Amino acid sequence: MKPKNHIFNHPTLQTLQQKCNNLNNLKQIHAQIVTTGLSLQTYCLSHLINISSKFNLTYAFTIFNHIPNPSIFLYNTLISSLVNQNNENKIHLAFSLYNKILTHKNLQPNSFTFPSLFKACCSNPSWFQYGLLLHTHVLKFLKPPFDLFVQGSLLNFYAKYGKLCLCRYLFDQIDQPDLATWNIILGAYANSFDDNVFPLEALCLFCDMQVAKVTANEVTIVALVSACSSLGALSHGFWVHCFVLRNKVMVNRFVGTALVDMYSKCGCLNLACQVFDRMFERDRDTFCYNAMIAGFAIHGYGNRAVELYRKMKSKGLVPDDATFVVTMFACSHAGLVEEGLEIFKSMKEVHGVEPKLEHYGCLIDLLGRAGRLKEAENWLQDMPMKPNAVIWRSLLGAARLHGNLDMGEVALRKLIELEPETSGNYVLLSNMYASVARWNDVKRVRMLMKHHGVNKLPGFSLVEINGAMHEFLTGDKTHPFSKEIYLKITEINRRLQEYGHNARTSEVLFDVEEEDKEGVLSYHSERLAIAFALIASPSSFAIRIIKNLRVCGDCHAFTKLISAVYGRDIIVRDRNRFHHFKDGSCSCLDYW
DNA sequence: ATAGGGTTAG
């Protein structure tokens with residue numbers, strides 16, 4: 001039998017390789033490899049490139065460049081270590097290596113090549129186009145079924161750029177998603193803040209995950225907790241916290257920070273503090289302190305926020321952009337003007353951090369709220385970048401608060417320039433005129449609104465939906481806190497208006513084709529349509545959903561369940577067919 | 001034999 005020329009079979013190399021962490025060691029190993037003739041072997045060099053790329057990339061490249069025909073393994077090794085350096089130039093290099101693979105006549109990218117490249121595409125929007133291109137290459141070079149790493153990195157790529165429907169479509173095609181894949185899709189839904197329905201879907205998906213018997217880990221929990229946080233769903237968040245305790249999930253820095261954030265945003269400062277205090281000291285990093293300081297800030301405890309900010313610095317933690325934002329936010333809402341000013345000045349003088357737009361925003365808000373309007377205006381004029389709408393709005397707010405009409409008018413003019421369609425801007429000024437009984441001016445502002453074609457949308461409040469709602473959305477009948485679930489009614493109103501909700505006949509026309517802007521359909525559109533309809537017209541007899549295209553996935557089970565739980569008839573028109581759901585069963589009628 | 005995807009704050 002032929003002896004294997006395995007690097008681990010070579011005693012000297014083995015020992016050297018294990019403790020190799022500097023250039024000298026590396027050179028020794030390299031020399032050994034050359035003298036023993038092992039340098040003709042891809043396997044051995046791959047190891048060497050892998051080791052050296054971790055602390056000396058130049059050396060790794062030198063080795064690589066001396067290899068006459070590097071194998072795809074070597075390319076993959078180098079590409080992944082370049083991507084993991086997290087640096088624009090390195091990513092450029094990674095893509096040029098990828099180009100070399102493509103132009104090489106004997107090489108083809110494989111399933112190990114794509115995951116790191118998709119990861120690279122997430123780091124900067126300018127790489128988005130490359131990601132799309134890579135997707136076409138996946139289809140060109142790989143044979144389905146694609147492996148979970150490729151699919152996962154693809155999902156993550158689309159999720160990062162907000163292509164949620166597409167993401168779901170791809171997810172639904174994955175045969176047996178593993179833990180990381182579930183975590184990607186959960187995280188994608190949990191972090192879609194522009195639509196409250198998506199975090200809710202994350203909770204639904206978690207149930208599907210449990211049905212699939214995939215065991216949750218810390219990453220899963222973080223996604224769930226942040227979903228609850230953006231929903232304002234305290235009881236669900238608490239349930240997740242209980243899940244953590246019951247299932248012995250680690251409260252690591254990520255989980256801890258997510259819990260602190262969730263409890264803060266859901267109005268439970270007490271619990272936020274408890275979680276924070278019980279975390280391991282080593283886990284309390286800058287992120288974690290930021291979340292806790294933000295918690296104090298939201299609840300109006302300016303002094304406690306500043307105190308914690310000082311404590312954080314005394315622990316040797318380095319404040320970042322967000323630290324300054326949340327601490328100054330706390331100061332401005334608690335009237336701690338001097339403290340806030342001091343922190344702003346210390347950014348540059350003590351921490352060597354150049355204030356960004358949002359920091360100027362905090363500063364102007366701080367001074368404005370305290371009535372120091374002239375100073376606020378001066379800062380606004382002197383700031384090194386162009387003030388955005390947020391800053392002008394905070395000046396407008398301050399002007400209104402302190403009755404400075406002239407400044408309010410200036411700010412409004414700027415605001416209308418920047419965002420002519422936001423009704424709130426007009427309303428602020430109109431209210432300001434109204435407060436000093438300048439009714440002609442009030443009229444003028446209203447006319448201006450009309451002129452710009454702006455309508456005031458109705459205000460919103462939180463709606464409580466009962467436990468059954470939760471139950472059929474999540475399939476979780478054992479949920480101890482299924483009494484309440486919150487959704488913003490604005491969103492529902494907006495959609496209902498868009499889709500022609502008719503209060504008298506209690507029908508909801510929900511055009512699925514319109515809903516999926518990606519051109520890919522997923523069944524959650526229909527689930528959501530039904531949920532909207534129920535929330536919006538709790539006493540209606542029937543719900544009618546109209547779909548123009550076939551929907552992927554099985555909605556029927558879900559719809560049957562709703563018809564049973566709510567005792568309602570649901571009629572779904574699917575192109576040329578009617579589905580009639582009643583008492584948990586479905587009958588289908590062709591309608592021509 | 002060697003290379004690959006997922007987690008936190010405003």
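These values consider heavy atoms only, across backbone and side chains, with no hydrogens, waters or symmetry-generated copies. Naming convention: chains lettered A, B, ... in sequence-line order (proteins, then strands); numbering from 1 in each chain. Just so you know, these numbers come straight off a predicted model, no measurement behind them.
- Using a 4.0 Å cut-off, some side-chain N or O of N50(A) falls inside it from OP1 or OP2 of dA3(B).
- Stacking here means ring centres nearer than 5.5 Å and ring planes tilted less than 30 degrees, and by that measure F73(A) does not stack onto dA3(B).
- If you take OH of Y158(A) and P of dG5(B), they are 18 Å apart, rounded to a whole angstrom.
- At a non-hydrogen distance threshold of 4.0 Å, N110(A), S111(A), F112(A), P115(A), S116(A), K119(A) from residues 107-123 of chain A come into contact with DNA chain B.
- For the pair F344(A) and L366(A), the minimum side-chain heavy-atom distance is 4.5 Å or more.
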Pair F171(A)-W182(A), ring pair (Phe, Tyr, Trp, His ring centres under 6.0 Å): steps then yes or no
CA-CA 9 Å; F171(A) 176 77; W182(A) 277 107; 5.1 Å; yes
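- Residues S153(A) and N156(A) have side chains that never bring a donor and an acceptor to within less than 3.5 angstrom of each other.
- For the atom pair CG of D285(A) and NZ of K315(A), the computed distance is 14.0 Å after rounding to the nearest 0.5 Å.
- The side chain of S80(A) lies closest to dA3(B) when the candidates are dA3(B), dG5(B), dG10(B).
- Of the candidates dG10(B), dG5(B), dT7(B), the closest approach to any side-chain atom of S153(A) belongs to dG5(B).
- Picking from dG5(B), dA3(B), dT7(B) the nucleotide with the shortest atom distance to the side chain of V219(A) gives dT7(B).
- Checking the phosphate oxygens (OP1, OP2) of dG10(B), a side-chain nitrogen or oxygen of K265(A) falls inside 4.0 Å.
- What separates CD1 of I72(A) from C1' of dT2(B) is a distance of 13 Å, to the nearest Å.
- Rounded to an integer number of Å, the gap from CD1 of I51(A) to P of dA3(B) is 11 Å.
- Non-hydrogen atoms lying under 4.0 Å from DNA chain B are contributed by F287(A), N290(A), all within residues 275-291 of chain A.
- Between I63(A) atom CD1 and dT2(B) atom P the separation is 19 Å, expressed in whole Å.
- Across all strands, L148(A) comes closer than 4.0 Å to base atoms (heavy-atom distances).
- For the OP1/OP2 pair of dT7(B) and a distance below 4.0 Å, the side-chain nitrogens and oxygens of K160(A) include at least one atom meeting the criterion.
- For the pair L97(A) CG and dA3(B) P, the computed distance is 17 Å after rounding to whole Å.
- Taking atom CG of N217(A) as the reference point, atom P of dT7(B) lies 11 Å away to the nearest angstrom.
- Taking 4.5 Å as the limit, some side-chain heavy atom of P109(A) sits within range of a side-chain heavy atom of F114(A).
- If you check every strand for non-hydrogen atoms under 4.0 Å, Q151(A) touches nothing.
- Look at CZ on F146(A): it is 18 Å from P on dG5(B), rounded to the nearest Å.
- Heavy atoms of A258(A) sit nowhere under 4.0 angstrom from any nucleic acid atom.
- Among the atoms of the strands shown, none is found under 4.0 Å from any heavy atom of L74(A).
- Distances were taken from every side-chain heavy atom of V222(A) (C-beta onward) to each of dG5(B), dG4(B), dT8(B); the shortest belongs to dT8(B).
- The shortest heavy-atom contact between L401(A) and R369(A) is CD2-O, 4.0 Å.
- Here the side chains of Y75(A) and T113(A) are not in contact, with every heavy-atom distance at 4.5 Å or above.
- In this entry the distance linking CE of M262(A) with C1' of dT8(B) reads 13 Å, nearest Å.
- A tilted orientation is assigned to the rings of F128(A) and Y161(A), their planes being inclined by 30° to 60°.
- Counting atom types as modelled, D178(A) pairs a side-chain N or O with a base atom of dG5(B) as donor and acceptor under 3.5 Å.
- The nearest pair of heavy atoms linking R304(A) to C273(A) is NH2-SG, 4.0 Å.
- Under the 4.5 Å side-chain criterion, counting only non-hydrogen atoms from C-beta, F206(A) is in contact with F243(A).
- A perpendicular orientation is assigned to the rings of F276(A) and Y289(A), their planes being inclined by more than 60° (bins at 30° and 60°).
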